[in-house]
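Here is how names work: the chains are called A, B, and so on, in the same order as the sequence lines, proteins then strands, and each is numbered from 1.
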2 protein chains.
Amino acid sequence: MRLGNVDVPRDTCQLVGNILGHLGDKWSVLIIVLLRERPMRYSELERQIETVSKKMLTTTLRHLERDGFISRAVTPTIPPRVDYQLSELGREVMEPLDVLARWALRNSDRIVEARSRYDSDHEP
Amino acid sequence: MRLGNVDVPRDTCQLVGNILGHLGDKWSVLIIVLLRERPMRYSELERQIETVSKKMLTTTLRHLERDGFISRAVTPTIPPRVDYQLSELGREVMEPLDVLARWALRNSDRIVEARSRYDSDHEP
DNA sequence: TCAATTGGTCTCCATTAGAGACCATAGGAT
DNA sequence: ATCCTATGGTCTCTAATGGAGACCAATTGA
């Protein structure tokens with residue numbers, strides 16, 4: 001793998017791929033973006049995202065916690081209360097994520113065009 | 001959704017999420033990175049990636065083509081020859097992708113640490 | 001004559017995602 | 001007194017998705 005003009009050894013490359021893979025799965029980025037605004041409770045995230053199942057919300061949060069992007073604070077009241085917030089690492093990853101999101105935003109027209117071109121070329 | 005200090009309307013945000021989603025799936029980034037080096041034939045990509053199944057390689061290539069990141073050139077010889085290469089859009093998306101990959105590279109230690117901390121805290 | 005090559009598609013099985021029931025418990029409303 | 005709601009999950013069952021690999025058509029080289 002190459003980054004800029006640096007050759008990246010194979011196992012490091014796998015790690016990067018792995019991290020990118022996690023960040024790239026269906027809900028991670030969305031959760032990070034939401035938590036950037038402010039810390040949120042589990043149920044709040046659930047309501048904000050709407051289309052996520054409890055199971056996937058839980059597993060995605062666990063992954064993000066394990067990788068150190070968010071922290072999880074339990075208050076053992078009844079009913080229980082669990083707050084999630086971005087960690088320092090989570091806040092830092094926002095920057096490259098923003099770069100990518102801004103690029104997507106700037107170029108969304110071109111992608112939409114490419115798609116309709118492809119679709120009209122391939123359906124007959 | 002917010003990017004920097006700009007508020008992004010909901011449907012545009014969905015598009016960005018959608019694009020990020022595609023880029024984030026298991027093989028896309030790897031294929032883009034490989035094609036940055038030089039154009040490659042189907043079988044060459046297959047050999048480079050090793051662990052990808054034909055089915056997934058084909059569907060990922062189709063998605064990338066539909067979104068306009070790569071182009072596909074068929075030479076109808078026997079046996080057939082199909083060349084894939086990055087389009088202009090594909091070359092442009094490398095930049096934000098590089099930013100993210102470099103970040104991952106710089107911070108991989110912290111993530112590895114976070115993981116082992118999490119694992120030792122949660123297994124007993 | 002036989003094997004190898006290519007870019008897929010197709011089928012069959014394994015893994016993963018999603019929908020939603022369920023839980024324990026307290027406080028508030030009726 | 002009794003119900004209802006709220007919370008942060010887990011668990012089960014089903015639907016969708018992913019992977020392994022057989023198969024194909026046709027030509028060239030051994």
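Looking at residues two or more places apart in sequence or on another chain, you find a side chain to side chain donor-acceptor pair (under 3.5 Å) between B:Arg81 and B:Asp83. Listed by chain and residue number, A:Arg110 satisfy the side chain to side chain donor-acceptor pair (under 3.5 Å) test with B:Glu92 (two or more places apart in sequence, or in another chain). Residues satisfying the side chain to side chain donor-acceptor pair (under 3.5 Å) criterion with B:Arg41, sequence neighbours excluded, are absent altogether. Under the side chain to side chain donor-acceptor pair (under 3.5 Å) criterion, B:Glu44 pairs with B:Arg38, not counting sequence neighbours.
In this structure, CZ of A:Arg72 is placed 16 Å from P of D:dT7, rounded to the nearest angstrom. Rounded to an integer number of Å, the gap from CD of A:Glu44 to P of D:dG8 is 9 Å. The interatomic distance linking A:Asp25 (CG) with D:dG18 (C1') rounds to 15 Å, in whole Å. Between A:Glu46 atom CD and D:dT10 atom P the separation is 13 Å, expressed in whole Å. Look at NZ on A:Lys26: it is 12 Å from P on D:dA16, rounded to the nearest Å. Between the P atom of D:dC11 and the CG atom of A:Leu57 lies a distance of 17 Å, rounded to the nearest Å. Rounded to whole Å, atom C1' of C:dG7 lies 12 Å from atom CG of B:Asp83.
Applying the side chain to side chain donor-acceptor pair (under 3.5 Å) test to every pair with at least one member in residues 68-78 of chain B, sequence neighbours left out, gives these pairs: B:Arg72-B:Tyr84. Counting only residues at least two apart or on different chains, the ring-ring contact (aromatic ring centres under 6.0 Å, His included) pairs with a member in residues 89-120 of chain B are B:Tyr118-B:His122. The ring-ring contact (aromatic ring centres under 6.0 Å, His included) analysis of residues 26-52 of chain B, with sequence neighbours excluded, yields no pairs.
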Quiz item: What is the per-nucleotide protein-contact pattern of nucleotides 22-30 of chain D, from the 5' end, where B denotes a base atom under 4.0 Å from a protein heavy atom, S denotes such proximity for sugar-phosphate atoms only, and - denotes neither?
Solution: B---BS---
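The side chain of A:Met56 approaches C:dG18 more closely than any other nucleotide in the set C:dG18, C:dG7, D:dG8.
Distances shorter than 4.0 Å separate none of the side-chain N or O atoms of A:Arg47 from OP1 or OP2 on D:dA6. Note on B:Ser53: every side-chain N or O is 4.0 Å or more away from OP1 and OP2 of D:dG18. An OP1 or OP2 oxygen of C:dG8 is reached within less than 4.0 angstrom by a side-chain nitrogen or oxygen of B:Tyr84. Listed pair B:Arg81 / C:dG7 fails the phosphate criterion, with no side-chain N or O lying under 4.0 Å from OP1 or OP2.
In this structure, a donor-acceptor pair under 3.5 Å is absent between the side chains of A:Ser116 and A:Asp119.
Taking the C1' atoms of five terminal pairs at each end of the helix from C:dT1-D:dA30 to C:dT30-D:dA1, the two resulting helix axes are inclined by 20°, rounded to 10°.
Near DNA chain C, meaning a heavy atom under 4.0 Å away, the residues from residues 58-68 of chain B are B:Thr58, B:Arg62.
Between A:Phe69 and A:Ile31, every side-chain heavy-atom pair lies at or beyond the 4.5 Å cut-off.
Hydrophobic side-chain contacts under 4.5 Å tie A:Val99 into a cluster, directly or through other members, with B:Val99.
Within a 6.0 Å sphere centred on CD of B:Glu88, heavy atoms belonging to other residues, nucleotides or ligands number more than 12.
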If you restrict it to nitrogen or oxygen atoms, what contacts under 3.5 Å exist between nucleotides 12-15 of chain D and the protein, and what is each distance?
none

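A:Val82 and A:Ile78 fall into different hydrophobic clusters, where Ile, Leu, Val, Met, Phe, Trp and Tyr side chains are chained together by heavy-atom contacts under 4.5 Å.
Between B:Asp98 and B:Arg36 there is a salt bridge, since a side-chain N of the basic residue sits under 4.0 Å from a carboxylate O of the acidic one.
To the nearest 0.5 Å, atoms CD (B:Gln48) and CD (B:Glu37) are separated by 9.0 Å.
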